[in-house]
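Working notes, structure below.
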Amino acid sequence: MNNKIDISNKDRSYKIFDSIYAKYDLLNRLLSFGQDIFWRNRICKLPKKKENQILLDLATGTGDILFSFLKKREDIKFTIGLDMSINMLHIAKIKSIKKNFNKKSSFIRGDANLIPLTTEKVDFATMAFGIRNITEPVIVLKDIKRVLKTGGKAIILEFSLPKSKIMKFFFLFYLRKIVPLVGRIVSGDKFAYRYLNETIEDFPYGKDFCRLMEDAGFSNISATPLTFGIATIYQGEKIDKTN
Ligand SMILES: C[S@@+](CC[C@H](N)C(=O)[O-])C[C@H]1O[C@@H](n2cnc3c(N)ncnc32)[C@H](O)[C@@H]1O
């Protein structure tokens, strides 16, 4: 199967995940040296405690963000995971049954550009390593703002590049040489992990991404670099009803 995808047109990028779904979790742990767990756990501490919260996780993949929240936060009443890849969602559903979270989670196949939820529906929304697979991130950010309740928060986790020149050199070497090689060996897909690293180098991060959140109408925006800046958590609040 030819999964070569033009990074200027990311609309079909979910098809990559439909092909590598079986090895996705393993490769996440391997390639991030377990850091992905630490990053997700950081996210779980961010939303304020409030009873009966509803969480929407966009580009949920195999559901790890949802499961981290359900494990750590008793104030989460219900979670909704949205993704375009049927196979990634299939793994998420199996995991939710195994972890006994199936009564508190639902998974929907859908496009983050057009979230199939009514306005002011969720208390907070997360998107981890998904936004850089989107051609027009501001469209998704605006739709996240639409479905958030007033006072709600968007939390975006995405790869970024370290500020330190030496760290950036090593990270780019790792991205360009090691990630595609290990990705190809473990997943058996020639293009997937090359595409994934190309999108990292190409994507706005730090202040540039904060500007996109501003354009989408978010307030109190912040960027928190993690692990030498190879990933960043962005937060923004919806403080008024305007969409
Ligand atoms: C790198 S994975 C991230 C999965 C998960 N959030 C995690 O942290 O492991 C990116 C996910 O984005 C999904 N995706 C790509 N384009 C999408 C879109 N337009 N709408 C919803 N999901 C999309 C893919 O199917 C894939 O599951």
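In each ligand, atom 1 is the first atom listed, and ligand 1 is the first ligand listed. Keep in mind it's a predicted model, so treat the numbers as computed, not measured.
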ask   = Is it true that the side chains of Y14 and D18 contain a donor and an acceptor less than 3.5 Å apart?
value = no
**Asked** Would you call D75-K50 a salt bridge at under 4.0 Å N-O?
**Response** no
Is a side-chain donor-acceptor pair under 3.5 Å present for Q53 with K77? no
For this session: Could you establish whether G110 and ligand 1 come within less than 4.0 Å of each other, counting only heavy atoms on the residue side?
Result: yes
Quick one: does D64 get a heavy atom under 4.0 Å from ligand 1?
no
The atoms of ligand 1 lying under 4.0 Å from a heavy atom of R40, numbered in the order shown, are 7 (C), 8 (O), 9 (O)
Notebook entry, point to check: Can Y21 be said to touch ligand 1, with heavy atoms closer than 4.0 Å?
Noted result: no
Under 3.5 Å between some N or O of ligand 1 and some N or O of Y14? no
CZ (R132) and CD (E158) are apart, to the nearest 0.5 Å, by 4.5 Å
Note: T62, heavy atoms under 4.0 Å from ligand 1, region reported as neither
query: Are the side chains of F78 and L55 in touch, meaning some heavy atoms are under 4.5 Å apart?
result: no
Worksheet item: Would one find an N or O of I65, backbone or side chain, under 3.5 Å from an N or O of ligand 1?
Response: no
For N133, the atoms of ligand 1 under 4.0 Å from one of its heavy atoms are 10 (C)
